[in-house]
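Below is one structure, written out as structure tokens; comments come after it.
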Amino acid sequence: MQDHEILAWLREEDGARVRELWQAADAVRAEVVGPQVHLRGLIEISNYCCRECAYCGLRAPARDVARYRMTADEILAAARQAVSFGYGTVVMQAGEDYGITREALAGTIRRIKAETPLAVTLSMGERPEEDLAAWREAGADRYLLRFETSDAELYRRIHPTPPGRAHRDRIAVLPVLRKLGYEVGSGVMIGTPGQTVASLARDIALFRALDLDMIGEGPFIAHPDTPLGGGAPRTAPEGEQVPDSARMTCSVLALTRLVCPEANIPSTTALATVDPIAGHEQGLRCGANVVMPNLTPGRYRALYSIYPDKEGIHDDPQVFHERLLARLHALGREPGAGPGNRIRRTAAG
Ligand code: SAH
């Protein structure tokens, strides 16, 4: 698909044509990655953060957030729960929290790798290369770092560089992760105030150029206690602002599947939040092949408030799991077995 075609699809308003796009992506998903939906248990291990991202409810200046940091034993208990549900991967996610030291997290990773068969994915923000290397050495398999937007001006506005740190955008960190031997994940929010349709088309083309293994995309959800949350956020010109809708999210998932057929693409919690009834299913029918059930202990879950009314904050993991299996079955899909690494088709295949 050419870049101008990506842009044309993002601008498409005819509902029947949009559904054709979704179906085309679903067909490519079925052919290339099959019916398996890989389940990744999400453990939100800390909500401390030193950054001031304009979109995120966990930003350092958010004084009303009660902060928590899980112990290694709590993380191991959640990982064992992932094993009991048959999940192949745990994802440890946190704010950019230097209270989680390089050595402490390396120790936790080593324990998970020694005591369970799980693949380990990290989503810990922009940590120094020494930390990323130590965690890889300890056994971590994958790293998620969304670049959020390829529009450099918008990125600087929503994702300020801390004083004293050299500006480096997240796109520049991805090759470092690759060099260290991680499977590399990135992605963007959809409908961030100021995000233009043309820049979103460039984001999708960039996924292909970066040959990403995992691509996470969800709608922007305004958090009232953030600069982008209330009042009149700066939006792009009329007709250019990307809508933060489930429909636009599904089209972006579909285009992502078409340009990156082999990638692991989650149907995200943010999509399920804006469409609680059909969100997860709808994403899975538009190209997605991954779901990330939340295994964060109930007493911490509501505190990981990157955006408000996050889907599933009161769900019991067992109940969510059973419901998810039923939903997959109804869609003619099945839970994936094993770690669910990114597949690579041979040149002939
Ligand atoms: N500290 C880690 C993990 C952040 S949470 C990091 O920065 O990488 C993971 C993702 O949630 C972010 O990359 C962002 O794309 C998304 N997110 C954050 N705030 C959001 C909001 N208000 N609406 C929708 N998605 C949001």
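By convention here, the first residue in the shown sequence is residue 1. Just follow the structure's listing: the first ligand is 1, and inside any ligand the first atom is 1. Worth knowing before you read on, the calculation uses all heavy atoms, side chains too, and leaves out hydrogens, waters and symmetry mates.
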Checking Arg69 against Tyr48: charged group under 6.0 Å from the ring centre and within 45 degrees of the axis?
yes
Taking only Lys NZ, Arg NE, NH1 and NH2, and the carboxylate oxygens of Asp or Glu, determine whether Asp203 and Arg146 approach each other closer than 4.0 Å.
no
Are Arg323 and Asp315 close enough for a salt bridge, meaning some N to O gap below 4.0 Å?
yes
Could you tell me whether the side chains of [X] and [Y] share a donor-acceptor contact shorter than 3.5 Å?
{"X": "Thr256", "Y": "Glu217", "answer": "yes"}
{"X": "Thr71", "Y": "Asp73", "answer": "no"}
{"X": "His159", "Y": "Glu126", "answer": "yes"}
{"X": "Asp213", "Y": "Asn264", "answer": "no"}

Can you report which non-hydrogen protein atom sits closest to [atom], along with the distance?
{"atom": "atom 19 (N) of ligand 1", "answer": "Tyr55 CD1, 3.4 Å"}
{"atom": "atom 7 (O) of ligand 1", "answer": "Arg170 NH2, 2.7 Å"}
{"atom": "atom 9 (C) of ligand 1", "answer": "Gln93 NE2, 3.6 Å"}
{"atom": "atom 26 (C) of ligand 1", "answer": "Met189 SD, 3.4 Å"}
{"atom": "atom 24 (C) of ligand 1", "answer": "Pro219 O, 3.3 Å"}
{"atom": "atom 11 (O) of ligand 1", "answer": "Ile306 CD1, 3.7 Å"}
{"atom": "atom 13 (O) of ligand 1", "answer": "Glu148 OE2, 2.5 Å"}
{"atom": "atom 21 (C) of ligand 1", "answer": "Ile221 O, 3.5 Å"}

For Cys49, is the nearest heavy atom under 4.0 Å from an atom of ligand 1?
no
Mark the output for Ser123 as yes if a heavy-atom distance to ligand 1 is under 4.0 Å, and as no if none is.
yes
Residue set satisfying ring-ring contact (aromatic ring centres under 6.0 Å, His included) with Phe207, at least two apart, ordered chain then number -> Phe147
Strictly by side chain to side chain donor-acceptor pair (under 3.5 Å), give each pair with a member in residues 14-26 just once, sequence neighbours left out.
Arg17-Glu20, Trp22-Ser251, Asp26-Arg29
Does only the side chain of Cys53 get under 4.0 Å from ligand 1, or the backbone, or both, or neither? Count heavy atoms.
neither
May I ask you to identify, for Arg146, whether its side chain, its backbone, both or neither come under 4.0 Å of ligand 1 on a heavy-atom basis?
side chain
Would you mind finding which of Gly95, Pro308, Ala94 brings a heavy atom closest to atom 3 (C) of ligand 1?
Ala94
When only distance counts, is Tyr307 in polar contact with ligand 1, meaning an N/O pair under 3.5 Å?
no
Phe220 neighbourhood, listing ligand 1 atoms whose heavy-atom distance to it stays under 4.0 Å
23 (N), 24 (C)
Stepwise side-chain contact (heavy atoms from CB on, under 4.5 Å) test for His321 and Gln81
CA-CA 11 Å; His321 177 62; Gln81 192 169 33; over 6 Å; no
